[in-house]
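Here is how names work: the chains are called A, B, and so on, in the same order as the sequence lines, proteins then strands, and each is numbered from 1.
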2 protein chains.
Amino acid sequence: MYLCPMYSSELVKGTLKTIVLRLLTEHKEMYGYEITQRVKELTGGKIQITEGALYPSLHALEKDGLLTTETMNIGKRVRKYYSLSKEGKNKAAEKITELSDFLNTMRFLLDLKPAQG
Amino acid sequence: MYLCPMYSSELVKGTLKTIVLRLLTEHKEMYGYEITQRVKELTGGKIQITEGALYPSLHALEKDGLLTTETMNIGKRVRKYYSLSKEGKNKAAEKITELSDFLNTMRFLLDLKPAQG
DNA sequence: CAAAGATACATAAGGAGCTTATGTATGTCA
DNA sequence: TGACATACATAAGCTCCTTATGTATCTTTG
């Protein structure tokens with residue numbers, strides 16, 4: 001039985017920040033755990049962002065001024081909501097364009113026929 | 001003026017071996033330098049494989065039994081031609097399928113509309 | 001004909017971005 | 001009450017790449 005294998009980690013490597021920025025262009029604010037769940041849900045479990053990867057990335061994006069944060073108390077627990085700054089919106093658009101272009105290029109390479117190469 | 005910027009290296013990271021295996025499914029044998037030139041040509045310079053990345057990868061693929069080599073003398077120079085082994089053909093098909101699936105998933109994430117997320 | 005650049009291989013130090021492991025704490029369900 | 005989910009965080013270590021360096025031959029051009 002074939003159940004939702006994850007992609008090899010080296011393949012997903014490098015796309016994390018773009019995925020985060022992409023999600024935040026559609027959702028005004030999201031918190032870390034929510035992002036991991038959303039991606040898992042949207043990809044049928046094929047991409048599962050680990051917390052060890054996500055939190056340092058979020059911190060880096062915030063440090064770079066691309067994300068702003070707002071802390072909320074949910075009961076006795078703390079949630080840290082992230083939103084795109086103005087600069088973040090620009091960067092998001094840029095990274096999304098680059099990734100989209102990259103996907104096209106890789107698709108082209110995969111679909112090559114001998115006659116073309 | 002906007003001339004063929006390369007993709008950020010972290011984006012391309014992880015796709016090198018699959019690209020090599022892919023090219024070798026269309027060309028019975030290729031040598032290292034040829035691979036770098038072919039990829040550069042096919043991608044309009046957007047992916048430029050460095051020799052520091054390629055040669056160790058080729059050696060690893062050979063060590064794993066996926067590639068076989070044949071050394072040829074061109075004048076006084078040596079060329080090392082790489083071909084897919086039987087195992088390499090299977091692995092190539094596997095990696096290509098995975099990458100293709102991954103491209104679809106990433107495309108889906110990029111094309112999300114608010115109503116869907 | 002000498003210098004520059006292309007062809008062709010190779011290896012090694014170092015960095016970025018992950019994985020894996022660990023830690024803390026609260027909420028929920030059987 | 002013990003397991004699992006929610007929710008944050010950090011650190012050691014790994015992989016794959018970049019950057020730098022090395023060797024050598026072939027070709028083009030001033």
Side-chain angles (χ1 to χ4, degrees), chain A residues 5-21 29-41 45-64 66-67 69-82 95 98-99 102, chain B residues 5-21 29-41 45-64 66-67 69-82 95 98-99 102:
Chain A
M6 287 179 63
Y7 300 120
S8 60
S9 69
E10 76 259 22
L11 210 52
V12 184
K13 193 168 287 193
T15 61
L16 177 53
K17 286 185 181 174
T18 307
I19 290 174
V20 168
L21 294 173
E29 50 181 21
M30 298 181 82
Y31 56 98
Y33 187 77
E34 185 185 11
I35 292 173
T36 67
Q37 296 312 105
R38 179 72 65 179
V39 171
K40 185 177 171 182
E41 184 188 314
K46 288 177 182 176
I47 298 179
Q48 293 183 33
I49 298 176
T50 62
E51 295 172 299
L54 181 64
Y55 291 119
S57 274
L58 288 173
H59 301 162
L61 289 168
E62 186 185 7
K63 194 182 166 199
D64 290 346
L66 304 179
L67 300 183
T69 60
E70 197 183 349
T71 297
M72 288 193 191
N73 294 306
I74 308 295
K76 287 182 182 174
R77 260 197 305 215
V78 170
R79 257 189 211 163
K80 210 166 154 185
Y81 278 91
Y82 289 86
K95 296 274 277 179
E98 187 199 14
L99 178 53
F102 175 70
Chain B
M6 286 180 65
Y7 300 121
S8 61
S9 69
E10 75 260 22
L11 209 53
V12 184
K13 195 169 284 194
T15 60
L16 176 54
K17 286 185 181 175
T18 306
I19 291 175
V20 168
L21 294 173
E29 51 181 21
M30 296 182 83
Y31 57 98
Y33 187 77
E34 184 185 10
I35 293 173
T36 66
Q37 296 311 105
R38 178 73 64 177
V39 170
K40 185 178 173 183
E41 184 188 313
K46 288 176 182 176
I47 298 180
Q48 292 184 33
I49 299 176
T50 61
E51 295 173 299
L54 180 63
Y55 291 118
S57 276
L58 288 173
H59 300 163
L61 290 169
E62 185 185 5
K63 194 183 163 198
D64 290 346
L66 304 179
L67 299 184
T69 58
E70 196 183 350
T71 297
M72 287 194 194
N73 295 306
I74 308 295
K76 287 182 183 176
R77 260 196 308 214
V78 170
R79 256 189 210 163
K80 212 165 151 186
Y81 278 90
Y82 289 87
K95 296 274 276 178
E98 187 199 14
L99 178 54
F102 175 70

B:Lys95 meets the salt bridge (charged side-chain N to carboxylate O under 4.0 Å, His left out) criterion, sequence neighbours left out, with A:Glu10
Atom-pair distance ([atom1] on [X]; [atom2] on [N]), nearest Å:
X       : N      : atom1 : atom2 : value
B:Tyr55 : D:dC16 : OH    : C1'   : 18 Å
B:Leu61 : D:dC17 : CG    : C1'   : 15 Å
A:Tyr31 : D:dT6  : OH    : P     : 8 Å
A:Tyr81 : D:dT6  : OH    : P     : 13 Å
B:Gln48 : D:dC17 : CD    : P     : 16 Å
A:Met30 : D:dT6  : CE    : P     : 14 Å
A:Leu11 : D:dC17 : CG    : P     : 11 Å
A:Arg38 : D:dT6  : CZ    : P     : 13 Å

Those residues that, when tested against B:Glu98, pass side chain to side chain donor-acceptor pair (under 3.5 Å) (two or more places apart): A:Ser8
Residues in side chain to side chain donor-acceptor pair (under 3.5 Å) with B:Gln37, at least two apart? none
All N/O contacts under 3.5 Å from nucleotides 25-29 of chain D to the protein, with atom names and distances to one decimal?
{"from": "D:dT25", "atom 1": "O2", "to": "B:Arg77", "atom 2": "NH1", "distance (Å)": "2.7"}
{"from": "D:dC26", "atom 1": "OP1", "to": "B:Lys76", "atom 2": "N", "distance (Å)": "3.0"}

Got a list of side-chain donor-acceptor pairs under 3.5 Å for residues 49-63 of chain A, not counting sequence neighbours?
{"from": "A:Thr50", "atom 1": "OG1", "to": "A:Ala53", "atom 2": "N", "distance (Å)": "3.3"}
{"from": "A:Ser57", "atom 1": "OG", "to": "A:Ala53", "atom 2": "O", "distance (Å)": "3.4"}
{"from": "A:His59", "atom 1": "ND1", "to": "A:Tyr55", "atom 2": "O", "distance (Å)": "3.3"}
{"from": "A:Glu62", "atom 1": "OE2", "to": "A:Thr69", "atom 2": "OG1", "distance (Å)": "3.1"}

Sequence-distant partners of A:Tyr82, ring pair (Phe, Tyr, Trp, His ring centres under 6.0 Å), two or more places apart: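 Residues passing ring pair (Phe, Tyr, Trp, His ring centres under 6.0 Å) with A:Tyr82: none at all.
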Under the ring pair (Phe, Tyr, Trp, His ring centres under 6.0 Å) test, which residues partner A:Tyr33, sequence neighbours left out?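 Counting only residues at least two positions away or on another chain, A:Tyr33 forms no ring pair (Phe, Tyr, Trp, His ring centres under 6.0 Å).
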Under 4.0 Å, heavy atoms only, any strand: does [X] hit a base, just the sugar-phosphate, or nothing?
X       : value
A:Ser9  : sugar-phosphate
A:Glu34 : nothing
A:Gly52 : base

So, do B:Leu21 and B:Leu67 sit near enough that their side-chain heavy atoms are less than 4.5 Å apart?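 A side-chain contact exists here, since the closest heavy-atom pair is under 4.5 Å.
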Could you note down all residue pairs passing salt bridge (Lys or Arg N to Asp or Glu O under 4.0 Å) where residues 70-82 of chain B supplies at least one of them, sequence neighbours left out? none
Under a 4.0 Å heavy-atom criterion, DNA chain C is touched by chain A from C:dG17 to C:dG27
Assign each of B:Leu58 and B:Tyr33 to its nearest nucleotide of DNA chain C by heavy atoms, then name whichever residue's nucleotide is nearer the 5' end.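 Counting from the 5' end, the first nearest nucleotide belongs to B:Tyr33.
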In terms of the nearest nucleotide of DNA chain D, which residue is placed more toward the 5' end: A:Tyr82 or B:Thr15? A:Tyr82
First of A:Pro56 and A:Arg79 reached from the 5' end of DNA chain D, by closest nucleotide: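 Checking each residue's closest nucleotide, the 5'-ward one belongs to A:Arg79.
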Roughly how far apart are B:Gln48 CD and B:Met6 CE, rounded to 0.5 Å?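 Reported value, rounded in 0.5 Å steps: 4.5 Å.
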